[in-house]
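Here's the structure, in structure tokens; my notes come after.
All residue numbers refer to positions in the sequence shown, counting from 1.
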Amino acid sequence: MKSEVSEMGSGVGGGGGGNKYGSLNLTDLPQDCIATVISFTSPRDACRLSLVSTTFKSASESDAVWESFLPSDHQASIPSSLSFSSKKELYLSLCENHILIDGGRKSLQLERVSGKKVYMLSARDLFIVWGDTPTYWRWISIPESRFEEVAELINVCWLEIRGKIAISMLSPMTRYKACLVFKATARAYGFDFQPAEVSVSIAGTEGCKRTVYLDAARGLRQRYQIVPRRIGLFSRSRFLGLQAPVPLAPAGGDDQYPKTRGDGWLEIELGEFFNDGSIDGELEMSVMEVEGGHWKGGLIVQGIEIRPCL
């Protein structure tokens, strides 16, 4: 990158003569001019350009550059109790750590490469059928959750969870995916065979629905189906009763089953939505299992995360 920019700088005016306008090195430009150009790139490019020269380093780390990478409404979201020495420090902090907003009912973070906004709606910010009935759900605090409370499913035959977020809160011109973030307790039951129906849509519209399984163990069983292994002219399993696991792709695809996140929680994708910046209203996400009629329990719901697709 350094050599590329150096070549650009030496080549603007012909570099070594032969150009009637003379030569121009980019590092000779005013720092605020360089900062303006860098602000139209990306956080990654700004970090790379800081290696070109001391002038580029000063411009690349200026508040003017990193202010352009932050969401335009970030000042309204940052608690007044938090202070940062520079806009770059603020940006990197929001990439590494979430902050709680809306009275602790939501969290906000930035995707490191693009600076796009990432939200998680807490369980308290969701609509959970029978959520305030202790017989079916209870509210507990656990240290691994980012929120003060999570919802633990005790026992229900009708599972319905819905969440909404204003589309205007999302980064424009960005494709988002929504995921239910949860854990399964040691007593989890009722999710191994009956799928749940999930959807992401603009509130008031039908949207696209699909089925998923909330039982993580089912995904493992689908990937490693048990089939007999044959040796020679006879089936060894016929005599010894031995079977070997063979990796197979799940019939419905990997996105039908929960995945383990970097923070140790499980997530299941609910769907995607492209925000072109021109749509008003709310984005609605849902998880429902109401067809089977059988009882289920043993899930701990932290919330629903809405993040940019990578």
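For Thr133, the side-chain hydrogen bond (donor to acceptor under 3.5 Å, both in side chains) test picks out no residue, with sequence neighbours left out. Scored by the side-chain hydrogen bond (donor to acceptor under 3.5 Å, both in side chains) test, Asn275 finds no partners at all (sequence neighbours excluded).
When side chains are defined from C-beta on, Tyr257 does not count as touching Asp215, because their heavy atoms never get closer than 4.5 Å. Within the 4.5 Å cutoff, the side chain of Thr135 has no heavy atoms near those of the Ile154 side chain. For the pair Asp63 and Ser86, the minimum side-chain heavy-atom distance is below 4.5 Å. Looking at Leu299 and Leu214, their side chains come closer than 4.5 Å, going by heavy atoms from C-beta outward. Between Val200 and Glu272, every side-chain heavy-atom pair lies at or beyond the 4.5 Å cut-off. With a 4.5 Å cut-off on side-chain heavy atoms, Trp130 and Trp158 count as touching. Proximity of Val198 to Lys209: side-chain heavy atoms (C-beta onward) are nowhere separated by under 4.5 Å. Looking at Gln302 and Phe182, their side chains never come closer than 4.5 Å, going by heavy atoms from C-beta outward.
Between the Ser50 side chain and the Cys47 main chain, a donor and an acceptor come within less than 3.5 Å of each other. Checked by atom type and distance alone, the side chain of His294 never pairs as donor or acceptor with a backbone atom of Cys157 at under 3.5 Å. Within the 3.5 Å criterion, the main-chain N or O of Ser201 finds no donor-acceptor partner in the side chain of Thr205.
Two rings, from Phe273 and Tyr176, have their centers 6.0 Å or more apart.
Arg146 contributes atom CZ, which lies 12.5 Å from atom CD of Glu144 (distance to the nearest 0.5 angstrom). Distance check, rounded to the nearest 0.5 Å: CG of Leu70 to CG of Leu110 gives 6.5 Å. Considering CD of Glu267 and SG of Cys179, their distance stands at 4.0 Å, rounded to 0.5 Å.
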Margin query: Let's go through Arg162 and Met288 carefully: what are the C-alpha distance in whole Å and the side-chain angles of both, what is the deciding distance for side chain to side chain contact (heavy atoms under 4.5 Å, CB included) to 0.1 Å, and is it a yes or a no?
Written below: CA-CA 9 Å; Arg162 296 183 181 274; Met288 297 185 66; 3.3 Å; yes

Note to self: Evaluate Glu149 against Ser141 for side-chain hydrogen bond (donor to acceptor under 3.5 Å, both in side chains), listing each step before the verdict.
What the structure shows: CA-CA 5 Å; Glu149 290 182 302; Ser141 296; 5.5 Å; no

Margin query: Apply side chain to side chain contact (heavy atoms under 4.5 Å, CB included) to residues Phe127 and Lys164 and explain how you reach the verdict.
Written below: CA-CA 9 Å; Phe127 170 74; Lys164 291 183 179 181; over 6 Å; no

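Ion pairing between a basic and an acidic side chain is recognised when a charged N comes within 4.0 Å of a carboxylate O; Lys87 and Glu89 show no such pairing. A salt bridge does not link Lys88 to Glu67: none of the charged nitrogens lies less than 4.0 Å from a carboxylate oxygen. With respect to the salt-bridge test (charged N to carboxylate O, under 4.0 angstrom), the residues Asp125 and Arg105 qualify. The existence of a salt bridge linking Asp132 and Arg138 is excluded, since no basic side-chain nitrogen approaches an acidic carboxylate oxygen closer than 4.0 Å. Salt-bridge check for Arg307 with Glu111: failed, with every basic side-chain N at 4.0 Å or more from each acidic carboxylate O. Checked for salt-bridge contact, Glu148 and Arg124 miss the test: no charged N lies under 4.0 Å from a carboxylate O.
Judged purely by distance below 3.5 Å, without hydrogens or angles, the side chains of Lys117 and Ser171 never pair a donor atom with an acceptor atom. Under 3.5 Å, the side chains of Thr211 and Glu197 contain no donor-acceptor pair of N or O atoms.
Residue pairs meeting the ring-ring contact (aromatic ring centres under 6.0 Å, His included) criterion with at least one partner in residues 70-113, sequence neighbours excluded, are Trp66-Tyr91.
Of all heavy-atom pairs spanning Thr185 and Glu152, the tightest one is CG2-OE2, 4.0 Å.
Taking hydrophobic clusters as Ile, Leu, Val, Met, Phe, Trp and Tyr residues chained together by side-chain heavy-atom distances below 4.5 Å, Ile304 shares a cluster with Trp139.
Within 6.0 Å of atom CZ in Arg261, more than 12 heavy atoms from other residues, nucleotides or ligands are found, so the atom counts as buried in its surroundings. Around CG of Asp276, the count of heavy atoms belonging to other residues, nucleotides or ligands within 6.0 Å exceeds 12.
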